[in-house]
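In what follows, a single structure is set out as structure tokens and then discussed.
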Amino acid sequence: MGRYLMPRQSHPIQFMHNPEPGSLPQEVGEFLRRLGGPTLIVVDGRDNRRCRAVATLLHGNEPSGVKALLKWLRSGERPAVKLICLIASVQTALYETLFLHRQIPGQRDMNRCFAPPFDDHQGHIARHFIELLQQYRPEALLDIHNTSGMSPGFGVATSESPAHEALVSLFTRRMIVTELRLGALMELSNESLPVVTIECGGAQQAQADQLAEEGLQRYLFNEQVLRPVPGLVMDLYRDAVRLQLSADCHIAYADQPVAGADLTVALDVEKFNFGVIPALTRLGWLGPRGMSVFRVQSAQGEAVMPHYFLNRAGGLYSAQQLKLFMITANPAIAVSDCLLYACADIELNQMIEDDK
């Protein structure tokens, strides 16, 4: 499969340089089994004076990025500039059933480990990748994911700038600009290294694999990927909050309230992904604990639940017109991470107020 440099004990990432296309398996599961662990693949480009970076499979149940990467590696096509690519959570992807787990039970979410402390296995991987970024000095970094539910593709960045918009536009026109800080890889972004997360859509959606493949091709082969795109208009989402559940919350998904559940989420809730919902849209039904199982905080740490969601006759309703995204129908992810993200649709709400 290419020339390996195995990691030292202090360096948990192994290296592969210019893998031979014919040696790579076609099936992605076999590819991951041969890798065996976190791997940095380095491929020389037509211009090795420049470098770009890709990270994928930070979550073990998000395969579109690694599928697209493997297809390109098997083609043998040389990228415009040197590429370094981290395939991170290989053991997680292989654990029990291929692409079943976001993270191995009992371990930290890999995409929450790019800020101190770095004192566990996932932290060691994150810290080493940060050191590799400092060594290779790429001009840009893509982090390719899948959403945990059915969704169109979108990008996420911590800064609204022409470079970030140009990178996201390789894949999609939808872009979320967030001030939330969770220890995600994209939070390493700075003026010399713009970083964006690309959410390609649900892991079971064929169009998610297609989006990852086509966007990665543009990132690999375009001579310039950071220049402003003339006439580009992005669908921007700002100031997102997360609807988080308490760790002991019992959540169910059904078309009517489930006895004993703290929250029953409507079965068709994913239809609201990247839609605009009006005030007093019901998202589910509450149990006896009411709203106490939820937490909604601003990026500044303020409790802002009443501005976004409310209890109305035992139902969970939107408090104002909202844009929702990253809604999950996976109860484990809803409890361990969040049920959904929301933005107050300020422009549309203001238009409504102006018309009154």
Contact summary for [X] and [Y], nearest pair of heavy atoms:
{"X": "Thr328", "Y": "Cys338", "result": "CG2-O, 3.6 Å"}
{"X": "Val66", "Y": "Val28", "result": "CG1-CG2, 3.7 Å"}
{"X": "Ala80", "Y": "Phe221", "result": "CB-O, 3.9 Å"}
{"X": "Arg108", "Y": "Arg112", "result": "NH1-O, 3.8 Å"}
{"X": "Asn190", "Y": "Leu193", "result": "OD1-N, 2.8 Å"}
{"X": "Ile277", "Y": "Ser318", "result": "CD1-CB, 3.7 Å"}

Beyond-backbone contact of [X] with [Y], side-chain heavy atoms, under 4.5 angstrom:
{"X": "Val81", "Y": "Cys51", "value": "no"}
{"X": "His145", "Y": "Asn111", "value": "yes"}
{"X": "Asp209", "Y": "Lys71", "value": "no"}

Under a 3.5 Å distance rule, please check whether [X] uses its side chain to pair with a backbone N or O of [Y] as donor and acceptor.
{"X": "Thr172", "Y": "Gly153", "result": "yes"}
{"X": "Arg46", "Y": "Arg78", "result": "yes"}
{"X": "His250", "Y": "Gly260", "result": "yes"}
{"X": "Thr178", "Y": "Ala240", "result": "no"}
{"X": "Ser151", "Y": "Gly202", "result": "no"}
{"X": "Gln320", "Y": "His307", "result": "yes"}
{"X": "Asn273", "Y": "Ile327", "result": "yes"}
{"X": "Arg52", "Y": "Tyr219", "result": "yes"}
{"X": "Arg50", "Y": "Gly45", "result": "no"}
{"X": "Glu30", "Y": "Pro25", "result": "no"}

With hydrophobic residues grouped by side-chain heavy-atom distances under 4.5 Å, do [X] and [Y] end up in a single group?
{"X": "Leu167", "Y": "Leu236", "result": "yes"}
{"X": "Phe99", "Y": "Ile104", "result": "no"}
{"X": "Leu83", "Y": "Ile198", "result": "yes"}
{"X": "Val241", "Y": "Met291", "result": "yes"}
{"X": "Val229", "Y": "Val177", "result": "yes"}

**OP:** Could you please spell out the steps behind the side-chain contact (heavy atoms from CB on, under 4.5 Å) verdict for Ile84 and Leu133?
**Re:** CA-CA 9 Å; Ile84 64 169; Leu133 292 174; 4.2 Å; yes
Can we say [X] and [Y] salt-bridge, meaning some charged N sits less than 4.0 Å from an Asp/Glu carboxylate O?
{"X": "Glu187", "Y": "Arg181", "answer": "no"}
{"X": "Arg174", "Y": "Glu199", "answer": "no"}
{"X": "Arg102", "Y": "Asp109", "answer": "yes"}

**OP:** Starting from the C-alpha separation in whole Å, work towards a yes-or-no answer on side-chain contact (heavy atoms from CB on, under 4.5 Å) for Leu263 and Leu339.
**Re:** CA-CA 11 Å; Leu263 172 66; Leu339 177 63; 4.0 Å; yes
**OP:** With rounding to the nearest 0.5 Å, note down the distance linking CG in Leu226 to CG in Leu170.
**Re:** 9.0 Å
Subject >> Nearest-0.5 Å distance, CD of residue Glu62 to OG1 of residue Thr92 >> reply: 11.0 Å
Original post:
So Gln210 and Gln205, side chain to side chain donor-acceptor pair (under 3.5 Å) or not? Walk me through it.
Top reply: CA-CA 9 Å; Gln210 182 178 354; Gln205 295 177 258; over 6 Å; no
Please list every donor-acceptor pair under 3.5 Å in which a side-chain atom of residues 278-289 meets a protein atom from a residue at least two apart or in another chain.
| from | atom 1 | to | atom 2 | distance (Å) |
| --- | --- | --- | --- | --- |
| Thr281 | OG1 | Pro278 | O | 2.7 |
| Arg289 | NH1 | Asp262 | OD2 | 3.1 |
| Arg289 | NH2 | Asp248 | OD1 | 3.1 |
| Arg289 | NH2 | Asp248 | OD2 | 3.3 |

Original post:
What is the ring orientation for Tyr237 with Phe325, classed by angle as parallel under 30°, tilted 30 to 60°, or perpendicular over 60°?
Top reply: perpendicular
Subject >> Evaluation steps, side-chain contact (heavy atoms from CB on, under 4.5 Å), between Leu185 and Met110 >> reply: CA-CA 9 Å; Leu185 177 58; Met110 185 71 229; over 6 Å; no
Original post:
More than 12 heavy atoms of other residues, nucleotides or ligands under 6.0 Å from CD of Glu96: is that the case?
Top reply: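 It does: Glu96 CD has more than 12 such atoms within range.
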Original post:
Looking at the rings of Phe274 and Phe154, which for Trp means the six-membered one, are their centres under 6.0 Å apart?
Top reply: yes
Original post:
Looking at residues at least two apart in the chain, or sitting in another chain, which of them share a ring-ring contact (aromatic ring centres under 6.0 Å, His included) with His164?
Top reply: none
Original post:
Taking it one step at a time, do Leu243 and Tyr308 satisfy side-chain contact (heavy atoms from CB on, under 4.5 Å)?
Top reply: CA-CA 9 Å; Leu243 180 58; Tyr308 292 87; over 6 Å; no
